[in-house]
Asks: 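Quick one: structure below, then a few questions.
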Amino acid sequence: MYQVTKVIHFCYGHRLLNYAGKCRYLHGHNGKVEIELSSKRLDARGMVRDFEDVKRTIQRWIDTTLDHAMLLNRKDPLIQKLKGERLLLMDTNPTAENIAKLIFDYGATSGFPVTAVTLWETDHSFATYRR
């Protein structure tokens, strides 16, 4: 099995509902996402997938959808107060686990052979989603 990984950096804010710790408050992260692609065979160029393809599709989506956005649960009562801000509303709490799955699902539905997505929320904490 061949594997390649593309690393993408982006900034985002969020807060968690029904959470007793300090992440219940609005705050931000300098996130790093690792997108792992896998294939049993290489294409005619000798690649799992061209890194430029990942950049052109998945990184562009991250830049336009997640970067410098406030990720909130769709039920968050602060949404009304943040009208006009860059928001991404999620059906789930915007945890590192759920953000990793969101990116995984976008890459997979865009035709990439995604096998894992790891979101580093800090230098010491990360979550991975894989199927």
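These numbers come from the heavy atoms of this one structure, side chains and all, not from hydrogens, waters or symmetry mates.
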Asks: Would you find a donor on one side and an acceptor on the other, under 3.5 Å apart, between the side chain of His29 and the backbone of Glu121?
Replies: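 Yes, because the side chain of His29 sits within donor-acceptor range (under 3.5 Å) of the backbone of Glu121.
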Asks: Give the minimum heavy-atom separation between Leu17 and Lys75, together with the two atoms involved.
Replies: CD1-C, 4.0 Å
Asks: When hydrophobic residues are tied together by side-chain contacts of less than 4.5 Å, even through go-betweens, does Met70 share a cluster with Ile103?
Replies: no
Asks: When rounded to the nearest 0.5 angstrom, what distance separates NE2 in His14 from CG in Leu71?
Replies: 8.0 Å
Asks: Check the hydrophobic clustering (I, L, V, M, F, W, Y; side-chain heavy atoms under 4.5 Å; chains of links allowed) and say if Tyr106 and Val4 are grouped together.
Replies: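 Yes; tracing contacts between hydrophobic side chains, which count when under 4.5 Å, links both residues.
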Asks: Between the side chain of His9 and the main-chain N/O of Lys32, is any donor-acceptor distance below 3.5 Å?
Replies: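 No.
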Asks: Report yes or no: does Asp76 contribute a side-chain atom to a donor-acceptor pair with the main-chain N or O of Leu78 at less than 3.5 Å?
Replies: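 Yes.
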Asks: Are any of the side-chain heavy atoms of Leu26 and Arg15 separated by less than 4.5 Å?
Replies: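 Yes, their side chains come closer than 4.5 Å.
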Asks: CZ of Arg45: more than 12 outside heavy atoms within 6.0 angstrom?
Replies: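 More than 12 heavy atoms, drawn from other residues, nucleotides or ligands, come within 6.0 Å of this atom.
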Asks: Using 4.0 Å as the upper bound for N to carboxylate O, is an ion pair formed by Asp50 and Lys6?
Replies: no
Asks: Ignoring hydrogens, what is the shortest heavy-atom contact between Ala100 and Leu119? Give both atom names and the distance.
Replies: CB-CB, 4.2 Å
Asks: Enumerate the side chain to side chain donor-acceptor pair (under 3.5 Å) contacts for residues 16-26, please, sequence neighbours excluded, ordered by first and then second residue.
Replies: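 The answer is none; no pair qualifies.
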Asks: Does Asn73 reach the side chain of Ile79, with side-chain heavy atoms less than 4.5 Å apart?
Replies: no
Asks: Side-chain contact test, heavy atoms from C-beta onward, threshold under 4.5 Å: evaluate it for Val117 versus Val33 and give yes or no.
Replies: yes
Asks: Name all residues meeting the side-chain contact (heavy atoms from CB on, under 4.5 Å) criterion together with Phe112; count only those two or more places apart in sequence or in a different chain, and write none if there are none.
Replies: Leu37, Arg49, Asp53, Val54, Thr57, Ile58, Ser110, Val114
Asks: Indicate yes or no: at least one non-hydrogen side-chain atom of Leu88 is less than 4.5 angstrom from one of Leu72.
Replies: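 They are not in side-chain contact.
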Asks: Let's go through Phe10 and Tyr12 carefully: what are the C-alpha distance in whole Å and the side-chain angles of both, what is the deciding distance for ring pair (Phe, Tyr, Trp, His ring centres under 6.0 Å) to 0.1 Å, and is it a yes or a no?
Replies: CA-CA 7 Å; Phe10 68 103; Tyr12 67 98; 5.4 Å; yes
Asks: Does a side chain donor of either Thr5 or Glu36 reach within less than 3.5 Å of an acceptor in the other side chain?
Replies: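 Their side chains do not contain a donor-acceptor pair, so the 3.5 Å distance test is not met.
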Asks: Please name the residue in the list Thr64, Asp63, Thr65 that meets the side-chain hydrogen bond (donor to acceptor under 3.5 Å, both in side chains) test with Trp61.
Replies: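 Testing each of Thr64, Asp63, Thr65 against Trp61, the sole residue satisfying side-chain hydrogen bond (donor to acceptor under 3.5 Å, both in side chains) is Thr65.
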Asks: Can a donor-acceptor pair be found, under 3.5 Å and without considering hydrogens, that links the side chain of Asp67 to the backbone of Ile62?
Replies: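 Judged by distance alone, no pair lies under 3.5 Å.
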Asks: Side-chain contact, heavy-atom cut-off 4.5 Å: Ile35 with Ile8?
Replies: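 Heavy-atom side-chain distance check passes, below 4.5 Å.
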Asks: List the atom of Ser38, the atom of Met1, and the distance in Å for their closest heavy-atom pair.
Replies: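 Shortest heavy-atom contact: CB-SD, 3.8 Å.
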Asks: Of all heavy-atom pairs between Leu89 and Arg74, which one has the smallest distance, and what is that distance?
Replies: O-NH2, 3.2 Å
Asks: Going by the side chain to side chain donor-acceptor pair (under 3.5 Å) test, which pairs reach into residues 79-88, not counting sequence neighbours?
Replies: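 Those involving residues 79-88 do not exist here.
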Asks: Might you point out which heavy atoms bring Asn98 and Asn93 nearest each other, and give the distance in Å?
Replies: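 Residues Asn98 and Asn93, closest heavy atoms: ND2-O, 2.8 Å.
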Asks: Where is the tightest heavy-atom contact between Thr128 and Ala116, given as atom of each residue plus distance?
Replies: CG2-CB, 4.3 Å
Asks: Within this structure, what is the CE-OH distance for the pair Met47 and Tyr2, rounded to the nearest 0.5 Å?
Replies: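 So the gap between those two atoms works out to 13.5 Å.
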Asks: Are Ile99 and Phe126 joined in one hydrophobic group, where the rule is that I, L, V, M, F, W and Y side chains link up if heavy atoms are under 4.5 Å apart?
Replies: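 No, separate clusters.
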Asks: For the backbone of Ser125 and the side chain of Thr122, can you confirm whether one donor and one acceptor N or O come within less than 3.5 Å of each other?
Replies: yes
